[in-house]
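To start, the structure itself, in structure tokens.
Sequential numbering from 1 along the given sequence is applied to the chain's residues.
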Amino acid sequence: MKFQSKEDIEAPIAEVFGAISDFELLERSALRRGVELQRTGDLAQPENGLAWDLNFDFRGKPRDIRLTLASYTPVTGLALTGSGSGIDGRMEIELLALSPQRTRMSVQLKLSPSNLTGRLLVQSLKLARSNLTRRFKLRLAEFAKLTEDRLNRTA
């Protein structure tokens, strides 16, 4: 199962990359949403095996996921892989400079089952695909708007 979306952000590519790789801010955001997390690795050297163990409830059941920073390419993007609760996933975030003050952020999320439980969960997600796709795109647009506002406020 695959989700993808693109958003244009009125900010230089280096500043947008700084926002998507601000892992402390993203961790605080996850904690506010009820996700329990434990980080392993060094934020100062994220390319050297940064990972998180996440615990949260989804569809009435507790889920445990190990999220790992798979690739970290300053300014152009990063990729995260995750596995747990019967599902393997990969999220790739790519940045493209459209102009000195405009950046396109492309996000792609792929989910695949790794066992029967995961297969049932992915099947139920496929039944709600249109709603989930809409929510994915809205969440990405919200993140882009917040990033744009935060970067314009500090400039």
Validation row: Glu47, Asp42 side chains within 4.5 angstrom (heavy atoms): no
Minimum-distance pair of heavy atoms, taken over all atoms of Leu151 and Val16: CD1-N, 4.1 Å
Whichever hydrophobic residues join Leu127 through chains of side-chain contacts under 4.5 Å: none
Min side-chain heavy-atom separation Ser5-Phe136 under 4.5 Å: yes
NZ/NE/NH1/NH2 to OD/OE distance under 4.0 Å, Arg39 and Glu27: yes
side-chain hydrogen bond (donor to acceptor under 3.5 Å, both in side chains) assessment of Arg134 paired with Ser130: CA-CA 6 Å; Arg134 182 179 51 79; Ser130 62; over 6 Å; no
Between CH2 on residue Trp52 and OG1 on residue Thr40, distance to nearest 0.5 Å: 8.5 Å
Linked, directly or transitively: Phe143 and Leu31 (ILVMFWY side chains, under 4.5 Å): yes
Criterion side-chain contact (heavy atoms from CB on, under 4.5 Å) on Lys2 and Gln108, from CA distance to verdict: CA-CA 7 Å; Lys2 187 157 93 170; Gln108 186 175 72; 3.7 Å; yes
Spacing of CD belonging to Glu148 relative to CD belonging to Glu15, to within rounding of 0.5 Å: 11.5 Å
Nearest heavy-atom neighbours spanning Ser112 and Val122: C-CG2, 4.5 Å
Sub-4.5 Å side-chain heavy-atom contact between Val107 and Met91: yes
Closest heavy-atom pair and its distance - Pro113, Arg119: CB-N, 3.3 Å
Those residues that, when tested against Asp149, pass salt bridge (charged side-chain N to carboxylate O under 4.0 Å, His left out) (two or more places apart): Lys145
side-chain contact (heavy atoms from CB on, under 4.5 Å) between Ile13 and Arg104, intermediate numbers included: CA-CA 8 Å; Ile13 191 169; Arg104 176 163 292 156; over 6 Å; no
Minimal non-hydrogen separation, Ala144 against Ile9, with atom names: CB-CG1, 3.8 Å
hydrophobic_cluster_shared for Phe58 and Met1, side chain cutoff 4.5 Å: yes
Atom of Phe23, atom of Ile20 and distance for their closest heavy-atom approach: CE2-O, 4.3 Å
Got a list of side-chain donor-acceptor pairs under 3.5 Å for residues 74-88, not counting sequence neighbours?
residue: Ser85; atom: OG; partner: Asp64; partner atom: N; Å: 3.1
residue: Ser85; atom: OG; partner: Asp64; partner atom: O; Å: 3.4

Leu95 reachable from Leu98 in the ILVMFWY side-chain graph, under 4.5 Å edges: no
From Glu142 atom CD to Glu7 atom CD, the distance as rounded to the nearest 0.5 Å: 11.0 Å
Residue pair Leu111, Phe3: steps toward the side-chain contact (heavy atoms from CB on, under 4.5 Å) verdict: CA-CA 9 Å; Leu111 299 174; Phe3 299 98; 4.2 Å; yes
Heavy-atom pair of closest approach, residues Lys6 and Leu140: N-CD2, 4.3 Å
same_hphob_cluster(Phe17, Leu96) at 4.5 Å side-chain heavy-atom cutoff: no
Derivation and outcome, side-chain contact (heavy atoms from CB on, under 4.5 Å), residues Arg63 and Asp57: CA-CA 6 Å; Arg63 308 290 177 176; Asp57 287 335; over 6 Å; no
Atom pair CG/CG of Leu121 and Leu125 - distance to nearest 0.5 Å: 4.5 Å
Gap between atom CD of Gln38 and atom CG of Asn55 - 0.5 Å precision: 10.0 Å
Carboxylate-amine/guanidinium proximity below 4.0 Å for Glu92 and Arg90: yes
Enclosure of Arg129 CZ (heavy-atom neighbours >12, cutoff 6.0 Å): yes
Same apolar cluster (I L V M F W Y, side chains within < 4.5 Å links), Leu43/Leu37: yes
Straight-line distance of Asp22 CG to Glu24 CD, nearest 0.5 Å: 6.5 Å
